[in-house]
Amino acid sequence: MVAQIGTSISTAIEWLDKGQCVGIPTETVYGLAANAWDETAVSKIFLAKNRPHFDPLIVHTNSIGRIEDQIAHLTPAAERLLEKFSPGPLTVILPKKSKIPYLVTSGMETVGVRIPAHSLAQELLGKLKFPLAAPSANPFGYISPTTAQHVFDQLAHAIPYILDGGPSAVGVESTIVDCSLQEPVVLRLGGLELESLFSALGREIAVKTSSSNPTAPGMLESHYAPGCPIEILAEPTLDVPPGTGFLGFQTPQKASLYQEIRLLPLSSSMAEAARLFFKYLRELDQLGLSKIHAEYAPDRNLGRAINDRLQRAAAKR
Ligand code: TXA
Ligand code: MG
């Protein structure tokens with residue numbers, strides 16, 4: 001099998017109806033989608049990604065009404081956040097209905113649900129009779145894909161079709177908020193800024209993104225990891241051995257010693273940097289460098305999501 005890349009919704013539907021996996025565009029990153037109600041179809045996602053079964057999947061639909069069809073009940077915080085930020089880069093965790101297989105939720109009684117803000121994804125979800133379970137469309141632990149070509153490069157042998165919706169507009173995964181408990185908790189920093197989240201809730205809520213948190217089995221400390229080792233530059237005075245690449249925001253000291261430099265744009269929202277972050281990391285990783293020096297983003301707005309990914313990419317494996 002070698003995947004086709006195309007823009008045909010009806011071809012995507014044909015494969016999904018047959019219980020196959022399809023690469024789909026979303027505004028955050030590309031997903032590897034299958035019928036969320038069909039355990040056999042969902043098992044193919046785990047196989048294609050080489051993903052461990054303890055890492056649960058997010059279920060995608062195109063309306064709040066259809067979210068309600070997947071969950072036992074909405075909580076007030078979830079309702080507020082979904083109404084304010086959907087469609088958009090937000091996933092909420094809620095108690096699941098029995099028709100969501102435990103394979104999707106890693107055996108848990110809760111399910112992550114989200115409405116992607118991408119016109120092709122919306123059209124596809126609107127025409128399907130079932131919701132789509134979809135993790136990011138990368139081999140487990142690798143950098144998330146933000147173009148159809150990225151998906152092709154790593155999963156072409158494992159899936160029949162990739163729906164091409166252009167480069168992802170947000171570039172980092174959705175922000176995950178566990179709304180299944182009395183008090184909502186942020187489980188993953190992502191494309192929806194904490195600043196906006198807190199302001200919609202009228203207060204700050206806890207952020208628990210650590211790998212030690214047992215309620216987020218997928219939040220592994222080492223993740224988004226390229227093949228090439230990453231070292232985060234706390235001090236700009238580190239040695240620059242031959243074959244080192246640089247990923248940061250300002251021209252580094254000793255710039256001439258770097259083999260390759262990628263500079264992310266600084267802005268108040270850090271949205272442009274978030275859009276380019278995985279792309280640049282992937283490009284550097286493909287150059288066969290001996291290591292990458294990376295610089296933290298300002299720790300605000302989407303800079304927080306970038307820093308979270310950097311930390312995980314640099315974590316020892
Ligand atoms: O932006 C996104 O969210 C992308 C696009 C494709 O929608 N999807 C994505 O999926 O990033 P994935 O599988 O790479 O990350 C999903 C993470 C899991 O690793 C897990 O940590 C968390 O979501 N998750 C899913 N269901 C959960 C649940 N019931 N309880 C706690 N965490 C959950
Ligand atoms: Mg992922």
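First listed ligand is number 1; within each ligand, the first listed atom is number 1. The first residue of the sequence shown is numbered 1, and numbering continues consecutively from there.
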S.K.: Quick check: T26 and ligand 1, any N/O pair under 3.5 Å apart?
M.R.: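 No, T26 has no N/O under 3.5 Å of an N/O on ligand 1.
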S.K.: Could you list the atoms of ligand 1 found under 4.0 angstrom from a heavy atom of M108?
M.R.: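 In order of numbering, the contacting atoms are 28 (C), 29 (N), 30 (N).
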S.K.: Mind checking whether R51 has an N or O less than 3.5 Å away from an N or O of ligand 1?
M.R.: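 N/O-N/O distance under 3.5 Å: yes.
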S.K.: Out of the candidates D38, L128, T11, only one should pair with L16 under the side chain to side chain contact (heavy atoms under 4.5 Å, CB included) rule; please name it.
M.R.: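 When D38, L128, T11 are each tested with L16, the side chain to side chain contact (heavy atoms under 4.5 Å, CB included) holds only for L128.
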S.K.: Using a strict 4.0 Å cut-off to heavy atoms of E173, name the atoms of ligand 1 that fall inside it.
M.R.: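 Near E173, the atoms of ligand 1 are 1 (O), 2 (C), 11 (O).
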S.K.: For Q154, is the CD atom crowded, meaning more than 12 foreign heavy atoms sit under 6.0 Å from it?
M.R.: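 Enclosed.
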S.K.: Return the OH to OG1 distance between Y280 and T146, rounded to the nearest 0.5 Å.
M.R.: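 Going from OH on Y280 over to OG1 on T146, the span is 11.0 Å.
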S.K.: Check the pair V113, T61 against side-chain contact (heavy atoms from CB on, under 4.5 Å), reporting the backbone distance first and the verdict last.
M.R.: CA-CA 8 Å; V113 284; T61 67; 5.9 Å; no
S.K.: Counting heavy atoms only, which of V29, D55, I24, I93 comes nearest to atom 4 (C) of ligand 1?
M.R.: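 Among V29, D55, I24, I93, the closest heavy atom to atom 4 (C) of ligand 1 belongs to V29.
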S.K.: For ligand 1, is any non-hydrogen atom under 4.0 Å from I176's backbone (N, CA, C, O), its side chain (CB onward), both, or neither?
M.R.: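 Near ligand 1, I176 shows its side chain, while the N, CA, C and O stay back.
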S.K.: Measure E27 to ligand 1 on non-hydrogen atoms and call it side chain, backbone, both or neither using the 4.0 Å cut-off.
M.R.: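 No part of E27 is near ligand 1 at this cut-off.
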S.K.: Does H60 have a heavy atom less than 4.0 Å from any atom of ligand 1?
M.R.: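 True for this residue.
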S.K.: Any heavy atom of T110 closer to ligand 1 than 4.0 angstrom?
M.R.: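 True for this residue.
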S.K.: Check R188 with E173, please: is the shortest side-chain N to carboxylate O separation under 4.0 Å?
M.R.: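 Salt bridge flag = no for R188 with E173.
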S.K.: When you measure from the Mg ion (ligand 2) to the N, O or S atoms of S144, does any of those distances fall below 2.8 Å?
M.R.: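 Checking S144: none of its N, O or S atoms is under 2.8 Å.
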S.K.: Going by the atom numbers of ligand 1, which of them fall below 4.0 Å from some non-hydrogen atom of T28?
M.R.: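 Once the distances to T28 are compared, the set is 1 (O), 2 (C), 4 (C), 5 (C).
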S.K.: Which atoms of ligand 1 have any heavy atom of S174 under 4.0 Å away?
M.R.: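 Taking each heavy atom of S174 in turn, ligand 1 has 1 (O), 2 (C), 3 (O) under 4.0 Å.
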S.K.: Is the number of heavy atoms from other residues, nucleotides or ligands within 6.0 Å of CD (Q182) greater than 12?
M.R.: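 No.
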S.K.: Is the closest basic N to carboxylate O distance between R203 and E183 below 4.0 Å?
M.R.: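 Looking at E183 together with R203, the answer is yes, because their closest N to O distance falls below 4.0 Å.
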S.K.: So that I can tick it off, tell me whether E27 and R114 are bridged by a salt bridge, with the cut-off set at under 4.0 angstrom between side-chain N and carboxylate O.
M.R.: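 Yes, charged N to carboxylate O under 4.0 Å.
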